[in-house]
Number of protein chains: 2
Amino acid sequence: MTDKKEKILQAALKLFAEEGFRPTSTSKIAKKACVSEGLIFRHFGNKDGLLEAIIKEGEEQAKILFADIVLETEPKEVIRKFFELTSKFVNTKDREDFWKLQYKIKWEMEIYGEHKMEPLQLALTNAFKKLGYEKPELEAKLLLINMDGLATRFYLQKNFDVTELVEFMHNKYEL
Amino acid sequence: MTDKKEKILQAALKLFAEEGFRPTSTSKIAKKACVSEGLIFRHFGNKDGLLEAIIKEGEEQAKILFADIVLETEPKEVIRKFFELTSKFVNTKDREDFWKLQYKIKWEMEIYGEHKMEPLQLALTNAFKKLGYEKPELEAKLLLINMDGLATRFYLQKNFDVTELVEFMHNKYEL
DNA sequence: TATATTTGTAAGTGATTACTCACTGAATTA
DNA sequence: TAATTCAGTGAGTAATCACTTACAAATATA
């Protein structure tokens with residue numbers, strides 16, 4: 001990975017997250033990355049290839065984040081860590097662009113990517129089962145849906161307090 | 001409102017909901033509406049004007065839908081009607097394009113439009129207060145967030161069963 | 001050191017973009 | 001009836017789009 005290739009990825013991630021995929025022109029990316037426009041096509045083939053590279057890199061990071069939850073065996077800890085993740089993934093400036101891009105792309109391309117969340121959903125289902133909940137699968141689904149709703153608000157509504165609501169949600173489960 | 005102006009609005013609503021605002025060209029809209037491209041600019045000034053007209057028309061319809069809930073005084077009925085709306089607004093083929101556009105536009109333009117939901121949130125807060133809930137405002141916020149999460153799934157994840165989850169959510173409140 | 005490969009650039013390409021302009025024909029108004 | 005407004009068209013516009021190509025410089029390999 002050369003220096004300029006890395007710069008292109010960073011610039012594209014930021015611009016895609018800000019403006020969306022199709023509305024962001026390759027010339028704008030090149031300018032922001034301080035490289036010639038042609039270099040983008042040398043390294044990534046076409047615009048779609050650039051997006052793919054960004055998403056692929058992000059998925060690696062997501063897997064690492066999820067691993068901590070999926071490998072946990074204590075059910076109450078699984079749920080606690082899930083809420084911890086929810087408020088963290090949304091609050092760390094570092095990865096903000098990446099997560100925002102995930103949702104933006106979802107709506108622009110109209111694909112949900114269920115498989116990414118599957119291990120998380122399974123871990124939660126199992127945790128609720130151990131805790132004796134009547135419908136553990138639906139409980140898990142509901143939590144993930146809450147996460148989508150929170151993300152929607154966090155990224156689109158300024159001055160939205162996530163922490164307050166995550167805490168409130170967490171307290172609804174007697175743990 | 002002439003016949004052709006109406007056709008432009010309908011075609012634009014459909015295309016914006018399908019492809020997004022910026023990726024939909026005015027020439028494509030004109031073709032779908034079977035009018036000359038110039039007519040779009042005659043009636044709406046520019047592309048943004050066309051979007052504004054669509055959103056404005058939709059807001060009127062939303063107000064009517066919300067009115068039934070906001071005017072209800074019986075707290076349990078307020079919540080029941082809210083869940084009824086949630087599964088309905090998401091399932092009626094008729095208005096599907098409009099609601100889908102609402103979310104697409106939110107992510108494309110990064111504006112949430114909190115004011116639209118305010119009367120609904122107030123009605124829910126009041127209902128939870130009457131029912132003796134400890135934190136009625138947060139309960140109301142949570143319900144609206146659930147709605148956003150459900151919409152995300154419904155429009156982006158094929159084969160997603162809304163009704164099942166709405167019922168499950170509803171049953172969580174002892175009514 | 002000589003040769004090949006990779007990394008990078010500048011200047012293009014045709015297609016498409018939002019939008020304008022000069023012009024009709026029909027309906028309204030004076 | 002004469003003048004004016006309105007709805008609608010089709011052929012333009014400059015700018016921008018994703019992408020290509022020819023070529024130079026740097027780097028790796030022999």
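Every chain is numbered from 1 and lettered A, B, ... according to where its sequence line falls, protein lines coming before strand lines.
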Charged N-O contact under 4.0 Å between A:E108 and B:K104:
no
Are B:E84 and B:K81 within salt-bridge range, i.e. N to O under 4.0 Å?
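Here B:E84 does not pair with B:K81 in a salt bridge, since their nearest N and O are not under 4.0 Å apart.
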Among the candidates [options], find the nucleotide nearest to the side-chain atoms of [X].
X: B:T2; options: C:dT7, C:dC19, D:dA7; result: D:dA7
X: B:T26; options: C:dA18, C:dG8, D:dC19; result: C:dA18
X: A:S36; options: D:dC19, C:dT9, D:dT9; result: C:dT9
X: B:F41; options: C:dC19, D:dA7, C:dG8; result: C:dC19

Please tell me if [X] has a side-chain N or O lying less than 4.0 Å from either OP1 or OP2 of [N].
X: B:H43; N: D:dC6; result: no
X: A:K4; N: C:dT9; result: yes
X: B:S27; N: C:dT16; result: no
X: A:S25; N: D:dT16; result: no

Tell me the interatomic distance from [X], atom [atom1], to [N], atom [atom2], rounded to whole angstroms.
X: B:R42; N: C:dG25; atom1: CZ; atom2: C1'; answer: 13 Å
X: A:I8; N: C:dT9; atom1: CD1; atom2: C1'; answer: 12 Å
X: B:R22; N: D:dC17; atom1: CZ; atom2: C1'; answer: 15 Å
X: B:E19; N: C:dT17; atom1: CD; atom2: P; answer: 11 Å
X: B:E37; N: C:dT16; atom1: CD; atom2: C1'; answer: 10 Å
X: A:K47; N: D:dT16; atom1: NZ; atom2: C1'; answer: 12 Å
X: B:N46; N: C:dT17; atom1: CG; atom2: C1'; answer: 14 Å
X: A:D3; N: D:dT27; atom1: CG; atom2: P; answer: 12 Å

- prompt: Considering only heavy atoms from C-beta outward, does the side chain of B:Y155 approach that of A:E110 to under 4.5 Å?
  reply: no
**Message:** Could you check whether A:S27 and A:E37, counting side-chain N and O atoms only, form a donor-acceptor pair closer than 3.5 Å?
**Reply:**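 Judged by distance alone, the side chains do not pair up.
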Centroid separation A:Y103 to A:Y112 less than 6.0 Å =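 No: the rings miss the under 6.0 Å criterion.
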